[in-house]
Amino acid sequence: MKVKYNLLHNDKETGARYGTLETNHGTFETPMFMPVGTRATVKMLTPEELYDCKAGIILANTYHLWLKPGEDLIKQAGGVRKFMNYKGPMLTDSGGFQVFSLAKPKDITEEGVHFKSHIDGSKLFLTPELSIQIQNKLDSDIAMSFDECPPFPVDHDYMKKSVDRTLRWAKRGYDTHSNQEQSLFGIVQGGEFADLRKYSAEETVKMNFDGYSIGGTSVGEDKETMLKMIENSTPYLPTDKVRYLMGVGEPMDIIEGVIRGVDIFDCVLPTRIARHGNAFTRHGKINLKNLKFREDFTPLDEECDCYTCKNYTRAYIRHLVTTDEALGGRLLSIHNIRFLIKLTEELREAIKTDKLLEYKDKFKSKYEGSNS
RNA sequence: GCCUCAAUAGCUCAGCUGGUUAGAGCACUUGACUGUUAAUCAAGGGGUCCUAGGUUCAAAUCCCAGUUGAGGCG
């Protein structure tokens with residue numbers, strides 16, 4: 001079956017959405033943060049640890065799994081969820097972000113995108129059809145359209161051409177999509193241009209996808225521009241389909257996204273900064289490598305209910321991080337993922353009680369106050 | 001007792017045919033990270049070049065004496 005979004009409540013002041021998304025492998029509440037498991041693993045964590053973090057859905061990447069181990073092996077294993085022993089809902093990204101991170105402008109053609117493999121430098125060619133075919137075989141619950149994710153900034157002329165090409169690619173992917181058990185989402189682009197966001201959203205919605213996402217954010221633009229990108233997109237999306245903001249994961253960005261009508265977020269930030277020794281806390285981001293945590297025998301965050309905070313101290317985690325022990329990255333990853341998911345839980349509660357703006361103000365003053 | 005070799009950043013070492021402000025890796029102290037090319041990247045602090053003389057316009061570098069260490073010979 002296709003995913004089904006149920007809108008259960010709008011925050012009275014902001015219109016922010018509380019709802020649920022039904023999938024073939026479970027129903028979860030939104031807003032929700034989706035941890036990133038690019039290569040069929042949320043780096044350093046087991047599926048059980050993700051369940052403990054209350055992850056509603058996780059993400060894997062078409063591009064990376066195409067190269068290794070190959071989509072046919074994963075199909076043989078019974079799909080990516082079975083392959084990695086993850087029992088909950090899963091979304092696959094299309095490889096569109098790799099157009100941004102790996103390809104050069106001249107590599108992007110109407111037919112598809114020429115890549116140089118980041119593994120061995122060999123020449124690759126990814127098309128909208130191929131991306132969808134790979135995702136059909138990966139058998140995720142939700143497949144993403146193959147889009148161009150342009151860098152920031154590009155001029156209006158380039159962005160218009162890019163948006164039109166992404167629309168044609170979306171249509172090609174839609175026509176290729178054959179896995180009836182899998183949903184397919186369209187992606188809104190248009191950069192910081194309000195007219196192109198509107199145009200991209202309206203044209204994408206006409207194709208009647210199972211859900212919609214906002215792409216082209218977190219590619220180097222400033223915060224204010226990113227928020228404009230969102231608020232220039234969500235008004236044109238249908239209220240009865242889920243909305244997913246791609247690549248956004250700073251706590252304040254998630255809150256601002258929810259206020260603007262977003263339901264799902266994904267981001268590598270919690271897991272990446274964890275491997276680099278950092279943790280989100282109510283009082284801002286902290287770097288456990290800092291000397292000031294040497295004798296700090298308190299948890300990362302007093303109010304956190306994660307496995308790490310219930311059992312370990314900052315001093316111990318600092319020891320693990322400074323001695324390059326893998327457990328440090330694991331404990332921090334568990335905490336950071338749980339932190340963002342708990343944030344979305346609290347946002348859901350705030351929406352249900354129509355107190356989202358009040359919640360935002362409280363969170364913000366703590367988070368952007370003095371670090372400790 | 002004699003001979004040889006060594007001594008430069010916290011550690012391991014480059015530099016030694018004299019010539020800008022003595023370097024590197026690691027460690028240390030910080031910072032960055034937003035649909036993962038990332039357990040990564042960047043910056044910063046840190047020196048009696050063993051000590052004392054000498055040669056020279058100029059010495060980590062050459063000469064002399066000493067100190068400490070390693071090895072060898074008695």
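Just so it is clear: chains get the letters A, B, ... in the order the sequence lines come, proteins before strands, and each one is counted from 1. Hydrogens, waters and symmetry mates are skipped; everything else that's a heavy atom, side chains included, is used.
In the set rA32(B), rU34(B), rG35(B), rU34(B) carries the atom at the smallest distance from any side-chain atom of Glu250(A). When distances are taken from the side chain of Asp93(A) to each of rA38(B), rG35(B), rU34(B), the shortest belongs to rG35(B). Nearest nucleotide to the side chain of His118(A), out of rG35(B), rA32(B), rU37(B): rU37(B).
No more than 12 heavy atoms of other residues, nucleotides or ligands sit less than 6.0 Å from atom CZ of Arg294(A). Few gaps surround NZ on Lys2(A); more than 12 heavy atoms of other groups in view lie less than 6.0 Å from it.
Met34(A) has its side chain out of reach of Met246(A): every pair of non-hydrogen atoms, C-beta onward, lies at least 4.5 Å apart. By the 4.5 Å heavy-atom criterion applied to side chains, Val42(A) and Pro35(A) are counted as neighbours.
Distance Met229(A) CE to rU34(B) P: 14 Å, rounded to the nearest Å. If you measure from atom CZ of Phe97(A) to atom P of rG35(B), you get 6 Å, rounded to the nearest angstrom. The distance from atom NZ of Lys292(A) to atom C1' of rU29(B) is 13 Å, rounded to the nearest whole Å. The CG-P distance, from Asn290(A) to rU30(B), rounds to 5 Å in whole Å. At whole-Å resolution of the value, CG in Asp324(A) and P in rA38(B) are 17 Å apart. Per the geometry, NE2 belonging to His335(A) stands 20 Å off P belonging to rA39(B), to the nearest Å. Remark: P of rU36(B) and CE of Met246(A) are 8 Å apart, rounded to the nearest angstrom. Remark: P of rC33(B) and NZ of Lys43(A) are 19 Å apart, rounded to the nearest angstrom.
Among the atoms of the strands shown, base atoms are found under 4.0 Å from some heavy atom of Gly249(A). Nucleic acid contact class of Glu221(A) (heavy atoms, under 4.0 Å, all strands): none. At the heavy-atom level, Ser213(A) lies nowhere under 4.0 Å from the strands shown. Note on Leu91(A): nothing from the nucleic acid sits closer than 4.0 angstrom, heavy atoms only. Residue Leu291(A) is in sugar-phosphate contact alone, with no base atom involved, counting any heavy-atom pair closer than 4.0 Å across all strands shown. When heavy atoms are screened at a 4.0 angstrom cut-off, Gly216(A) is found touching base atoms of the nucleic acid. Residue Lys223(A) is in base contact, counting any heavy-atom pair closer than 4.0 Å across all strands shown. Asp266(A) comes within 4.0 angstrom of the backbone, heavy atoms only, and of no base.
A distance of about 11 Å separates the P atoms of rG10(B) and rG46(B), rounded to the whole Å. Taking atom P in both rG47(B) and rA22(B), the straight-line distance is 12 Å, to the nearest Å. Distance noted for atom P between rA60(B) and rG54(B): 15 Å (whole Å). Straight-line distance between the C1' atoms of rU30(B) and rG71(B): roughly 45 Å, to the nearest whole Å. For rA14(B) and rG23(B), the C1' atoms lie 7 Å apart once the distance is rounded to whole Å. Nucleotides rG19(B) and rC11(B), compared at atom C1', are 31 Å apart to the nearest Å. Distance check on atom C1': rC57(B) versus rC50(B) gives 27 Å, rounded to whole Å. Taking the C1' atoms as reference points, rG53(B) lies 10 Å from rG66(B), given to the whole Å.
Ring geometry for Tyr307(A) against Tyr312(A) counts as perpendicular: the plane angle is over 60°, on a 0 to 90° scale with 30° as the lower cut.
Proximity of Arg318(A) to the phosphate of rU29(B): a side-chain N or O atom is located under 4.0 Å from OP1 or OP2. Checking the phosphate oxygens (OP1, OP2) of rU34(B), a side-chain nitrogen or oxygen of Arg272(A) falls inside 4.0 Å. Contact annotation: Gln98(A) reaches the phosphate of rU36(B) (side-chain N/O to OP1 or OP2, under 4.0 Å). Of the side-chain N and O atoms in Ser218(A), none sit less than 4.0 angstrom from OP1 or OP2 of rU34(B). Between Asn287(A) and rU30(B) there is no side-chain polar atom (N or O) within less than 4.0 angstrom of OP1 or OP2. For rG35(B), neither phosphate oxygen OP1 nor OP2 lies less than 4.0 angstrom from any side-chain nitrogen or oxygen of Asn61(A). Taking 4.0 angstrom as the limit, Lys285(A) places a side-chain polar atom (N or O) nearer than this to OP1 or OP2 of rC33(B).
Of the residues near RNA chain B, Gly277(A) and Thr322(A), the one whose nearest nucleotide (by heavy atom distance) lies more toward the 5' end is Thr322(A).
Across all strands shown, rA7(B) forms a Watson-Crick or G-U wobble pair, both distances under 3.5 Å, with rU67(B). Remark: rU30(B) base-pairs with rA42(B); criterion is Watson-Crick or G-U wobble with both hydrogen-bond distances under 3.5 Å. Base pairing of rC16(B): no nucleotide in any strand meets the Watson-Crick or G-U wobble criterion (both distances under 3.5 Å). rC2(B) and rG72(B) make up a base pair, with Watson-Crick or G-U wobble contacts both under 3.5 Å.
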Requested in this report: Please report the C-alpha distance between Glu111(A) and Arg165(A) in whole Å, then the side-chain angles of each, then the deciding distance to 0.1 Å, and finally whether the salt bridge (charged side-chain N to carboxylate O under 4.0 Å, His left out) criterion is met.
Outcome: CA-CA 10 Å; Glu111(A) 182 56 26; Arg165(A) 183 164 49 208; over 6 Å; no

**Report entry** Steps toward salt bridge (charged side-chain N to carboxylate O under 4.0 Å, His left out) verdict (Glu346(A), Lys342(A))
**Finding:** CA-CA 6 Å; Glu346(A) 291 170 5; Lys342(A) 187 148 193 294; 3.1 Å; yes

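Stacking between His64(A) and rU36(B) is absent: the aromatic ring centre is not both under 5.5 angstrom from the base six-membered ring centre and within 30 degrees in plane angle.
A cation-pi arrangement, defined by a distance under 6.0 Å to the six-membered ring centre and an angle within 45 degrees of its axis, is present between Lys352(A) and Tyr18(A).
With respect to the salt-bridge test (charged N to carboxylate O, under 4.0 angstrom), the residues Glu224(A) and Lys228(A) qualify.
Below the 3.5 angstrom threshold, one finds a donor paired with an acceptor across the side chain of Thr271(A) and the base of rU36(B).
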